[in-house]
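All values below were derived from every heavy atom in this structure, side-chain atoms included, with hydrogens, water molecules and symmetry-related copies excluded.
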Amino acid sequence: SAVISQKPSRDICQRGTSLTIQCQVDSQVTMMFWYRQQPGQSLTLIATANQGSEATYESGFVIDKFPISRPNLTFSTLTVSNMSPEDSSIYLCSVRGGGETQYFGPGTRLLVL
Amino acid sequence: DAKTTQPTSMDCAEGRAANLPCNHSTISGNEYVYWYRQIHSQGPQYIIHGLKNNETNEMASLIITEDRKSSTLILPHATLRDTAVYYCIVGGHNTDKLIFGTGTRLQVFP
């Protein structure tokens, strides 16, 4: 199994500002994933982050808005840039563990005013 | 990736079996069926997965029809702590990208 922590757990931000979310895993993993869950909705994949290479973004998500860093095999950050109230969501990171299982962090709850 | 269809919500009495259906009529031969659940205010949790055979683990059983176009997740003795949104996801072996649908909101009542 993999234990994932995220910082911050929640934040309230002003529009136009940026927030960087950290994801730490207790073991080395090749791929890390970032998801967004808007209020009352299901999860949507934002991007896949490999160590040492550029993140791969899903349709509708761009690097300028959601830059991702992956400096090593246990850590990643997601920045939500130039925030608007529409960015209010839960942001989750996940990793694939052994076999077919994906493990998710507890999420970062973001409210943009 | 194949699309899945699940009922929006279901109720189940505590102690009874909860049977959650999922339709995946466009599943291809090498795609697996995965089940995750999300308890309120937590990240999703893996439950079980299967290809064509029925599977059982300490959490649940997965029954896949012979034509693989549908499956049922069974929680044999539901408890209040099983109240959650259950997601049925179809993807290839060693799939990395999980495409979440809308899921089934299961409410277990006393």
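Residue Gln6(A) does not touch chain B at all, counting heavy-atom pairs closer than 4.5 Å. The contact between Leu43(A) and chain B is made by backbone and side chain atoms together, counting heavy-atom distances below 4.5 Å.
Interface with chain A: from residues 100-110 of chain B, residues Phe100(B), Gly101(B), Thr102(B) qualify, criterion being any non-hydrogen pair under 4.5 Å. The interface of residues 106-113 of chain A with chain B, defined by heavy-atom distances below 4.5 Å, comprises Pro106(A), Arg109(A). At a heavy-atom separation below 4.5 angstrom, chain A is approached by Gln38(B), Ser41(B), Gln42(B), Gly43(B), Pro44(B), Tyr46(B), His49(B) within residues 38-74 of chain B.
Ile68(A) and Phe33(A) end up in different hydrophobic clusters when Ile, Leu, Val, Met, Phe, Trp and Tyr side chains are linked at under 4.5 Å. Grouping the Ile, Leu, Val, Met, Phe, Trp and Tyr side chains by contacts below 4.5 angstrom, directly or via other members, places Leu20(B) with Ile27(B). In the hydrophobic clustering of ILVMFWY residues, with side-chain heavy atoms under 4.5 Å counting as a link, Phe75(A) and Leu73(A) come out apart. If you chain together hydrophobic residues whose side chains sit under 4.5 Å apart, Ile99(B) and Phe61(A) never meet in one group. Tyr91(A) is connected to Met83(A) through a chain of hydrophobic side-chain contacts under 4.5 Å among Ile, Leu, Val, Met, Phe, Trp and Tyr, so both are in one cluster.
Nearest heavy-atom pair, Gln37(A) versus Tyr87(B), reported as atom, atom and distance to 0.1 Å: NE2-OH, 3.8 Å.
Here the straight-line distance linking atom CD1 of Ile89(B) with atom OG of Ser42(A) works out to 7.5 Å at 0.5 Å rounding. Taking CD of Gln102(A) as the start and OH of Tyr36(B) as the end, the distance is 5.0 Å to the nearest 0.5 Å. Interatomic distance, CG of Leu98(B) versus OH of Tyr35(A), reported as 4.0 Å (0.5 Å rounding).
Sorted by first and then second residue, the disulfide bond (SG atoms under 2.5 Å apart) pairs involving residues 13-58 of chain B (not counting sequence neighbours) are Cys22(B)-Cys88(B).
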